[in-house]
Participant: 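This is the structure, below, for whatever I ask next.
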Amino acid sequence: MNINLNSLVQKYDTPLYLYDFDYIEARYAELKEAFEGHKSLISYAVKANSNLSVIRHLASKGAGADCVSIGEVKRALRAGVAKYKIIFSGVGKRDEEIKEALESDILMLNLESEAEMKRVELVAKELGKEARISIRVNPNIDPKTHPYISTGLHENKFGVEINMAKRMYIYAKKSDYLDPIGIHFHIGSQLTELNPIKESCEIVADLVRNLKAIGIEIKFFDVGGGLGVVYRDEITIDPRAYASVIFAAVKGLDLTIICEPGRYMLTNSGYFITKVLYEKINDGKRFVIVDGAMNDLIRPSLYDAYHKIEAISKGSIDSSEYTEADVVGPICESGDFFGKDISLPPLEHNDLLVIYSAGAYGFTMSSNYNTRGRSAEVALFNGADHCIRKRESFEDQIELELSCDSSWQMTKNDI
Ligand SMILES: *Cc1c(COP(=O)(O)O)cnc(C)c1O
C-alpha cells in the first residue's frame, strides 16, 4: 500500500481503521456511470460503514441511503443525505421507528410482511399521513453466496413471496394511508454471479407489468445491493454488465432504478492496521499475536471470511525466511483470529500488519467484548489524513453503566 503507515500509527496508534475516500468516490462514480441514460439512484447501504463522514462523502456526490434502523435513518439525515433519497428497510420496525420515519418524510419504507404493512398503515393513520412504501419481494433465487449472507430464498426470513406481494399492493392501493410507489428485492451479499440477479429482475419486473395492468403504477425498481468484491481472487460482476441486465428486464417500463450497494464501495477502501505484540510457537505451530481482535473485525470469526494480511517490511526479507502462522488477537476465544496459515516474515514487537478489505462490515460490526475500546477511524483524502472517529476510551465504555440509576449500585460518585 502506498501510505506512510508509520507516521499514521504514531499519530493515531493501533488498532486503527483507515479508509481511502478517493477510492470510495471513484467506486461510486463508476457505478453511477454504469446506469447512465436511465433514471437511477444509488442508495448507499449505511450498515456497511455508518461513519458520518463516510455517509457525508457519498451524499456530497449525490448518493442516497439505504437504512435498516431508525438510527441509520438519523445518521443519513445528519450526514446530509437528501430525505427524498432515503429508504428504510428491514424485517422488523418498532412503531416508534415507523412514526419517526414518516415524520422525517423520507422517500419510502420498504416492507417485508403483511403484518408490517398493517402496522405502517395504522401509524400513518394516526399521523394523518400517507406512507410511501415499497414491498420487498423474495424471488426464491439462490444467489450462490455464503448462507449467512444469502437472503433471496423462501427459507430466509426476508421479503414476501410474489403472490403475497401482489395482494399487498392491491390492499395498499385501496388504503388512504399507503402509497405503493416502489418494489424491492435483495437476494444476498457478495454476489459474484450475474444470472441470479438477472432472473430476480425478470421475476420482479413481471410483477410490475402485472400490477400496471390492474392500475397500480410502480415508480421505483429497487434491485438491492450485494455486488461482490475482491477479497482474494474472486471474479466479480462488471457494473456495466450489471446495469445492462437490469435495463433489459425493465424494458418498456418507466421506472427509476435504485441500487443499494454497501460492500461494493467500501470494502477495498479500508485497511485495518494492527501491531504485533509477540510471537509464540505451540508444538511447532506458529502464532502471531496482535493488538487487534475479533471485537474490531469479526468477519474471519463469523463467516470464516478471507482477508489478505501483509507485514510492513523494514527492508527486504528473503522469501526463505517466510513461514506460515496464524494471526490471532488477545480475546479469550479460539475463534479470535484474522487469518490462518498466513505466510509471514519473522516479526518483532511493534511491527505492523495490514489487514486488507476492511472498509465494509468491519467497524460497524465491532463491539466492546473483553472491555476493549473500539478502534479509531481515519479518512485518507487528497493526500491528507483526517480523524473521523476517536478511539474509544475506558471512560466512554463505562459511562452508561454509571448514569443509569443513581440510587443503586455504581454511580459516578463512587469513582
Ligand atoms: C445489506 C443490504 C444491502 C447492502 O448489501 P451489500 O452486500 O453491502 O451491497 C442492501 N440492501 C439491503 C436491503 C440490505 O439488507
Side-chain angles (χ1 to χ4, degrees), residues 35-43 62 64-67 82-89 93 98 101-102 104-125 127-139 141 152 158-187 197-225 243-260:
F35 285 101
E36 221 163 45
H38 244 271
K39 287 180 287 185
S40 71
L41 171 65
I42 295 179
S43 275
D66 175 53
C67 304
K83 62 185 181 186
Y84 60 90
K85 293 181 180 174
I86 296 177
I87 302 161
F88 183 14
S89 303
K93 302 179 184 75
I98 296 168
L102 293 176
S104 306
D105 210 23
I106 58 173
L107 175 61
M108 57 193 176
L109 278 78
N110 188 20
L111 309 183
E112 303 211 21
S113 62
E114 194 178 21
E116 187 186 5
M117 179 175 72
K118 299 275 174 71
R119 289 298 331 158
V120 169
E121 186 185 33
L122 267 177
V123 175
K125 187 174 176 184
L127 294 175
K129 282 198 154 201
E130 200 181 22
R132 288 182 296 274
I133 60 159
S134 61
I135 293 169
R136 177 166 179 172
V137 177
N138 183 324
I141 294 284
F158 298 97
V160 297
E161 48 162 324
I162 210 109
N163 292 324
M164 170 58 88
K166 188 169 174 184
R167 286 201 295 279
M168 284 169 67
Y169 278 111
I170 292 169
Y171 179 93
K173 176 76 181 169
K174 288 196 188 124
S175 167
D176 289 337
Y177 303 101
L178 298 169
D179 184 10
I181 59 168
I183 196 158
H184 174 265
F185 64 93
H186 171 75
I187 57 172
I197 300 173
K198 178 170 177 278
E199 284 175 43
S200 307
C201 282
E202 286 163 357
I203 290 170
V204 176
D206 272 351
L207 177 58
V208 173
R209 292 190 179 91
N210 244 308
L211 293 171
K212 195 175 165 163
I214 55 172
I216 301 172
E217 287 274 355
I218 302 296
K219 299 189 188 77
F220 296 94
F221 189 80
D222 184 340
V223 300
S244 69
V245 301
I246 300 168
F247 294 162
V250 301
K251 209 169 164 122
L253 293 166
D254 181 21
L255 293 166
T256 298
I257 293 163
I258 300 181
C259 81
E260 309 170 336

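Quick note: numbers below take in every heavy atom, side chains included, and nothing from hydrogens, waters or symmetry partners.
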Participant: List in chain and number order the residues that pass side-chain contact (heavy atoms from CB on, under 4.5 Å) with S244, two or more places apart in sequence or in another chain; answer none if no residue qualifies.
Facilitator: none
Participant: Among residues at least two apart in sequence or on other chains, which ones pass salt bridge (Lys or Arg N to Asp or Glu O under 4.0 Å) with D254?
Facilitator: K39
Participant: With sequence neighbours excluded, what pairs up with N110 under the side-chain hydrogen bond (donor to acceptor under 3.5 Å, both in side chains) test?
Facilitator: S89, S134, H184
Participant: Listed by chain and number, what are the side-chain contact (heavy atoms from CB on, under 4.5 Å) partners of E199, not counting sequence neighbours?
Facilitator: I141, N195
Participant: Please list all pairs passing the salt bridge (Lys or Arg N to Asp or Glu O under 4.0 Å) test where one or both residues lie in residues 202-216, with sequence neighbours left out.
Facilitator: K198-E202, D206-R209
Participant: Calculate, to the nearest 0.5 Å, the distance between atoms CD and OH belonging to E114 and Y171 respectively.
Facilitator: 8.5 Å
Participant: Apply side-chain hydrogen bond (donor to acceptor under 3.5 Å, both in side chains) to S113 and list each qualifying residue two or more places apart in sequence or on a separate chain.
Facilitator: none
Participant: Check side-chain contact (heavy atoms from CB on, under 4.5 Å) between F247 and all other residues, then give those that pass, not counting sequence neighbours.
Facilitator: F35, H38, A243, I257
Participant: Table please: side-chain donor-acceptor pairs of residues 172-180 below 3.5 Å, with sequence neighbours left out.
Facilitator:
| from | atom 1 | to | atom 2 | distance (Å) |
| --- | --- | --- | --- | --- |
| S175 | OG | E121 | OE2 | 2.7 |
| S175 | OG | Y177 | N | 3.0 |
| S175 | OG | L178 | N | 3.4 |

Participant: State which residues pass side-chain hydrogen bond (donor to acceptor under 3.5 Å, both in side chains) with S43; sequence neighbours excluded, sorted by chain then number.
Facilitator: none
Participant: Who are the side-chain contact (heavy atoms from CB on, under 4.5 Å) partners of K166, not counting sequence neighbours?
Facilitator: I170, L207, N210, L211, I214
Participant: Under the rule for salt bridge (Lys or Arg N to Asp or Glu O under 4.0 Å), what residues qualify as partners of E116, not counting sequence neighbours?
Facilitator: K93
